[in-house]
Amino acid sequence: MHPTKPPIDIIRIDKRLLTNEHISIKTKQIKLEPISSYSIEKNLNDIQKIIKQTSPPSSVSYLPDGRIPTPPPQPPKHSSINLKPTTPTIILETHDEAMSAKLQHYCLSQSICVLRGLANVLKIDLSLFSTKSLVETQPDHQIEVRTQRQQASDENFDFTSMTIPLKNIWRCESSRSYTTIAKYGQYQAYSYHDMIKDDLNESLISSTNNLTNGISKKNSTSSIRTIKFGTNVDLSDEKKWPIQLHELTKLPLFLCVQSVGNLLSHIGYTILGMNSVQLYMKVPGSRTPGHQENNNFCAINVNIGPGDCEWFAVEEQYWGVIHTLCEKNGLDFLTGSWWPILDDLYNAHVPVYRFIQKPGDLVFVNAGCVHWVQAIGWCNNIAWNVGPLTYTQYYAAIERYEWNKLNSCKSIVPMIHLTWNIARNIRVNNYQLYELIKFILSQSLKYIELTFKYLEEKFGENIIIRKQLRTINEPAHYCITCDHEVFNILFVKEIDRKHVVRCLDCSLQSDKQLENVVVLYQFILDDLKTIYDQFQLCCVANIK
């Protein structure tokens, strides 16, 4: 699910940096040298021309050739198409099958697939994630609750309508509150008994009405039950959940929460639900609305049971169609809460995977796949994201990063920060992926150099750039105004006694002379250049 906008992005800065008594570096003292880069050497003359100007540098594109994302893509044209395709499913029977490279290749070749029997062959104890185990481990752990209406999975009624029968709409309504694992566990248990009793009573009433006057309660608001969905339960703390998290290390590396080949393991801090585990506690009807994963990263979802879940999924190439349908229904594709009307998708020639996830089933969601989920029974699910070290995954992530910027939507994954960490930590042997990463690094360096030069030319000695290196586990920074990632050069201002970060553009809009702004840099420019130069293709033999 798309997280809501976080609170003000606060940066903890050394207060000594706000005075002139501490050692600082003036912009004129920063050494600026041309970057030795195959991708920007041809543009060095143009860069030097720009550097001599006193206008702020334009935001750079991190897509190849400086491309700006186009509007949502048009669907592929097919003469004949199966609108209800069979969901790819693998039934695993041996340990070797589960750990084989073929399994990874298969998952990455499908938009979405179901792995059945994985927990059994790897002897993963899923009962550790049952409500009983969770209550015994951390009963007072806080969870988020979404209050929803219980409906059939192919229905989403407009409860504001005064007409009967109610009509289906795309908008998916819910309200938020909070409780503890123990209290939600009680609710899960009580709801089971209450729903069984209510179903029996409704069945008797319905039968009586049908016999007497043929009146049915279908589509009547009085027959719609209100339910509570326990969502976004954070299992990231290894001190609280050591047994549960250790159990998941039995998975194949490409499915693990943390592994060297998982791009998200190199972010350097925890992004809840992405490079850490989240749990969902459900009663029948609990809904996860339609979405693509943050920055189009792949996702893993395991049904703990005891009940089933129903999934709907659409291939990445059709996301533009759903984007258009969301707009027609007054909803924002990126941040809105929506539940697609299946007939609308079929009429638009969009194929929809529809399948049941049984207890123990692992669903692998590939990059960009649109999906939405509803619980059929009482069950828990665990989920997290993974980033395969492939060109396809990385391009999908950076493309969505650029699309988010155009749509004023925060990218939960700081792609520039991540790219520099990848260059430090990983040896890449795929030529396409190497070229893309190298290009992003060069664009980042170019923007940093242009920013330093602009500050020097425009403000001279009137502004001082102070050094404050990053600390361990320090999150990436985002502009408090536009939500864009701010890498390396931070423009810090005190607001309501809190120091918040802005990008250069938003800082200038707020204060053209930057008089009340503290400028910090977190990486030494020469160090970044060294990382850039040392990032080389690992194995030339793999060049295609």
Side chain to side chain donor-acceptor pair (under 3.5 Å) assessment of Gln357 paired with Asn301
CA-CA 10 Å; Gln357 181 193 27; Asn301 186 295; 3.2 Å; yes
Among residues at least two apart in sequence or on other chains, which ones pass ring-ring contact (aromatic ring centres under 6.0 Å, His included) with His141?
Trp241
Tell me if a side-chain donor or acceptor on Gln374 pairs with a main-chain N or O of Gln151 at a distance below 3.5 Å.
yes
Provide the full list of side-chain hydrogen bond (donor to acceptor under 3.5 Å, both in side chains) pairs with a residue in residues 336-350, sequence neighbours left out, each pair given once.
Trp170-Asp344
Please determine whether a side-chain nitrogen of the Lys or Arg among Lys438 and Glu435 lies less than 4.0 Å from a carboxylate oxygen of the Asp or Glu.
no
Could you walk me through whether Arg149 and Glu173 satisfy the salt bridge (Lys or Arg N to Asp or Glu O under 4.0 Å) test, starting with their C-alpha distance in whole Å, then the side-chain angles of each, then the deciding distance to 0.1 Å, before giving a yes or no?
CA-CA 8 Å; Arg149 299 289 192 117; Glu173 301 286 356; over 6 Å; no
Could you tell me how the ring of Phe159 sits relative to the ring of Phe157: parallel (under 30°), tilted (30 to 60°) or perpendicular (over 60°)?
perpendicular
Could you note down all residue pairs passing salt bridge (charged side-chain N to carboxylate O under 4.0 Å, His left out) where residues 110-121 supplies at least one of them, sequence neighbours left out?
Arg116-Asp361
Quick one: does any side-chain atom of Tyr353 pair with a main-chain N or O of His371 as donor and acceptor, under 3.5 Å?
no
Using only atom types and a distance under 3.5 Å, with no angle test, would you say the side chain of Tyr187 pairs donor to acceptor with the backbone of Lys228?
yes
Is there a donor-acceptor pair under 3.5 Å between the side chain of Ser442 and the backbone N or O of Phe439?
yes
Thr390 side, atom OG1; Leu263 side, atom CG - distance, nearest 0.5 Å
7.5 Å
For Thr163 and Ser161, run side chain to side chain donor-acceptor pair (under 3.5 Å): C-alpha distance rounded to whole Å, both residues' side-chain angles, the deciding distance at 0.1 Å, then the answer.
CA-CA 6 Å; Thr163 60; Ser161 174; 2.9 Å; yes
